[in-house]
Every structure is written in structure tokens, then in C-alpha cells.
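This report refers to the structure that appears directly beneath it.
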Amino acid sequence: MALSSISKLNWAAATNKSIHHHSDSYFKKRIRMQSSGGGLAAEYEEGQLERPKWTGETPLSRLVGALISFKPLYSLLKLGARQVLISTAEKTSIPWRDMTNEILDSDVYKEKDAIEDSSIVYPDYYLNPFHAYDEGNLSWLAAAEAEAATMSMVRRAIPNASSLDEANQIVRGNWLQAIETHHNQYSGYSSIHDILDIGCSVGVSTRFILDKFPSAKVTGLDLSPYFLAVAQYNDKRRNQGKEKVKWIHGNGENTGLPSKSFDLVSIAYVFHECPERAIKNMAKEAFRLLRPGGTFAVTDNSPKSKILQELSPVLFTLMKSTEPFLDEYYLTDLEATLELVGFVNVQTVLTDPRHRTVTATVPYS
């Protein structure tokens, strides 16, 4: 696999080919979810394996790890991974560069001064170079590009969607539907008054949560003051200077927030960036923060996704080059972890072709 000889354009072409190869072959496997606009329902196919062959301790995974550890190739892979995201965005009318420049040329910088907690000690794993950024999540460029990157991720998940809105109706809509269904079933239709979004990034998932539960008080918490600065800036910009969300610079493993103070704790697209110890600590913290009958919801890459299990060698090598803890994530039995913490009614659904939503309840007694 002579990846060093593949150009960035070939990487992008391989990405689009791989995505569209699978886009028409989602067979019935798990649960019925909205396909678009509240219309027809779709069911997404699981692969035959517990997790992709390119993860864990398999020979293929070790080979990929060895390639990534070769620094000249690693640098090339980072560029390729970044190009894949930008190419997907631009081909689907996401104005990546314009969105980025709009943030970088704004007054966002003063928001960081207002929101940053200088006493925060960053965990060692958080200082890794995630997503092809040398400073990982602790940089203005990563924060400025985060929303466009999220849009690109959603379009890649639903490549046949006619628009970004339609793709979001599936990816975000099914995730939120799974949360609401679980809470109604296991929490006695109790109202959701207080919500915490851990790892809220620049607030994209937080806005969708707020739209779904408009009467709730919503808090967004993240370790990156750069991401939070963008979240707070956009929140004020969209709401005539007012903040609809309370933004907190904090560690999801130890938030310092009061026990039993939330009805819903959500963690969206975070765990695949974390080592197993952090995943377990955040699950414990969520359990502490939730009231009896409260719901914990995690959405992220699904180890059983047929799409992810059948990614091309080029794509999964690119993915692993920018996600240093991907193997640990895929090897973690998330459902068992939640049960060990004390959660009950642990359920997993494939809410789009690539992502699962895991929901669980804090018992009443």
C-alpha cells in the first residue's frame, strides 16, 4: 500500500468513490429512523463484525499504526485528511474558507478572554494533534473551521441527501429522536428542564439540542476555550447579543457542577477522541450529574457500521492518522461501561449509516 505516492487529489477521489459505492445499499437491520424531512423511514445496515478490522490489535491495524508512526508519511497523511474534509465541503456547497475567514476576522478573540478558566489543567491526551492540527483543539484555526468540518461530516454520512438541511434532518434528527424516545419510555414522560452538552465544541450540537427542547436550560461545556469562544460569539450573534446557552470552560471528567442537577447529559462525537480511561470517567461524571430518571446520551462512530467496516485502506488510514485514540474507542465496550457505572436501560441504535446513539437511564433507586 504505497500511500506515500498517492496525491491529495487521489485521496479526495477515493473518498467520494468509497462513499457513493455504499450510499444506495443500506439494508434493514436495526430500528426505523427518519430518512428525511419526517417522511419515509430508513433502517441502516450493520456489518458482520463487532468492529472494523483496521482497529484494535489486528495485523491490519498494526500495519496502519506502523505507517502512521513514520513521520514523513504522517505529515502527508495529515494533509490528505484535511483535503478530504475541505473537498467534501466544497463539492457540497459548504463555504469552508468563507466561514473560516468570517470567524478569524471577527471580534471572537475577546470572547476567549471572558470565558477561559486559567486554572484548568489539560489532560495529557487532550494535548495531542487531533484532526491534522498540530495544536489539536487548542487553536484558533481548529475553532474557526470546526463548524464547516461538522457540516462536511454530516454530508459524508448522508451523501445522497439533496441538501445539508436534509442530511441534518437525518443525522441530527434521528439522534434527537432516539434521546426523546428513550427518555419518554424510561423516565415516565418527565419533563427535561436542564441539559448539559459535554464536549460541545463550537456549539453545533448544542443548538440542535436547544431547538429540540426549547423550554430547557441548556449548558455547553468544553475543554477548548477557543471552541467555546466561537460558540459564545455565534450564540450572541444569532440572538441579538443575548446568550441562550450557558457556556463553561471545563473538563467533562470532572466538571465541578452540582450533583443531580440535570435531566439530560449529552456527549456528541467526543468519545472517539478519548482514551478508555477518559470515556469511563466521563460516564461516571454524567451519572453523578443526572437526577434519578435522567437520560445519558452518547452519539459517535458505530463499530458495527457496515460503511465504516468496509472503508477503503486509503480512507481508514487517513482517519486513524488524525484520531490518535480511535483504537481505544473501538475496543471499549461502551454499553458494558455504562452498566458498570450504574446506568440501566442501556440501548444502542444505529441512527445513521455511520453513527450509533447509546442511551441510558439513572435509576430512581
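The residues of the chain are indexed from 1 along the displayed sequence.
- Here the two rings, on F208 and W175, have centers that are 6.0 Å apart or farther.
- Under 4.0 Å is where a charged nitrogen must lie from a carboxylate oxygen, and between D124 and R277 at least one such pair does.
- The ring of H193 has its center no closer than 6.0 angstrom to the ring center of F262.
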Please test E46 against K306 for salt bridge (Lys or Arg N to Asp or Glu O under 4.0 Å), starting from the C-alpha separation and ending with a verdict. CA-CA 5 Å; E46 289 184 343; K306 186 174 188 292; over 6 Å; no
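- Within the 4.5 Å cutoff, no side-chain heavy atoms of C274 are placed close to those of F325.
- With a 4.5 Å cut-off on side-chain heavy atoms, N251 and P123 count as touching.
- Residues V171 and T351 form no side-chain contact, since every pair of their non-hydrogen atoms from C-beta on lies 4.5 Å or further apart.
- Contact of the E273 side chain with the E323 side chain is registered, since non-hydrogen atoms from C-beta on lie closer than 4.5 Å.
- The environment of E50 atom CD is sparse: at most 12 non-hydrogen atoms of other residues, nucleotides or ligands sit within 6.0 angstrom.
- Test V358, L334, T299 against F271 for side-chain contact (heavy atoms from CB on, under 4.5 Å) and you get one pass: L334.
- Legend: residues meeting ring pair (Phe, Tyr, Trp, His ring centres under 6.0 Å) with Y186, ordered by chain and number and at least two apart, are H182.
- A salt bridge links R291 and D194; the closest N-O separation between the charged side-chain nitrogens and carboxylate oxygens is under 4.0 Å.
- The shortest side-chain heavy-atom distance between T295 and S187 falls under the 4.5 Å cut-off.
- Cation-pi geometry between K112 and Y226 is met: under 6.0 angstrom from the ring centre, within 45 degrees of the axis.
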Mind running side chain to side chain donor-acceptor pair (under 3.5 Å) on H183 and T361 for me, showing each step along the way? CA-CA 8 Å; H183 191 80; T361 308; over 6 Å; no
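- In this structure, CE on M153 lies 8.5 Å from CG on N301, to the nearest 0.5 angstrom.
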With salt bridge (Lys or Arg N to Asp or Glu O under 4.0 Å) as the test, would you mind laying out the steps for E102 and R237 before giving the verdict? CA-CA 12 Å; E102 184 178 5; R237 185 175 59 169; 2.8 Å; yes
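- With sequence neighbours left out, T100 forms a side chain to side chain donor-acceptor pair (under 3.5 Å) with no residue at all.
- Put simply, the side chain of Y330 does not reach to within 4.5 Å of the side chain of S302, judged on heavy atoms.
- Cluster annotation: L340 and Y329 are assigned to distinct hydrophobic clusters (Ile/Leu/Val/Met/Phe/Trp/Tyr, side-chain heavy-atom contacts under 4.5 Å, transitive).
- Counting only N and O atoms by type, the side chains of S205 and D197 include a donor and acceptor under 3.5 Å apart.
- Contact check for L164 versus T92: no side-chain heavy atoms found under the 4.5 Å cut-off.
- Ion pairing between R207 and E147 holds under the 4.0 Å rule for side-chain N and carboxylate O.
- Here the side chains of N168 and S163 are not in contact, with every heavy-atom distance at 4.5 Å or above.
- Cluster annotation: L331 and L308 are assigned to distinct hydrophobic clusters (Ile/Leu/Val/Met/Phe/Trp/Tyr, side-chain heavy-atom contacts under 4.5 Å, transitive).
- Between Y122 and H249, the angle of the ring planes lies from 30° to 60°, which puts this pair in the tilted group.
- The OG1 atom of T219 sits 10.5 Å away from the CG atom of L289 when rounded to the nearest 0.5 Å.
- For the pair E335 and R356, the salt-bridge criterion is met [side-chain N within less than 4.0 Å of a carboxylate O].
- The OG atom of S152 lies 9.0 Å from the CD1 atom of I86; values are rounded to the nearest 0.5 Å.
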Yes or no on side chain to side chain donor-acceptor pair (under 3.5 Å) for R354 and S305, after CA distance, side-chain angles and deciding distance? CA-CA 5 Å; R354 290 171 176 257; S305 162; over 6 Å; no
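- Atom CD1 in I192 sits 5.0 Å away from atom CG in L264 (nearest 0.5 Å).
- Around atom NZ of K236, more than 12 heavy atoms belonging to other residues, nucleotides or ligands sit under 6.0 Å away.
- Residues Y125 and E253 approach most closely at OH-OE2, 3.0 Å, considering heavy atoms.
- Between F227 and W247, the distance separating the two ring centers is not shorter than 6.0 angstrom.
- L138 is connected to Y109 through a chain of hydrophobic side-chain contacts under 4.5 Å among Ile, Leu, Val, Met, Phe, Trp and Tyr, so both are in one cluster.
- Under the 4.5 Å side-chain heavy-atom criterion for Ile, Leu, Val, Met, Phe, Trp and Tyr, L326 and L49 are members of distinct hydrophobic clusters.
- The minimum heavy-atom distance linking S261 with P258 is given by the pair OG-O, 2.6 Å.
- Interatomic distance, CD of E310 versus CD of E45, reported as 7.5 Å (0.5 Å rounding).
- Considering only residues two or more places apart in sequence or on other chains, S119 meets the side chain to side chain donor-acceptor pair (under 3.5 Å) condition with D117.
- To the nearest 0.5 Å, atom OG1 of residue T359 and atom CZ of residue F343 are 11.0 Å apart.
- One hydrophobic cluster, built from ILVMFWY side chains closer than 4.5 Å, cannot hold both V344 and L290; they sit in different ones.
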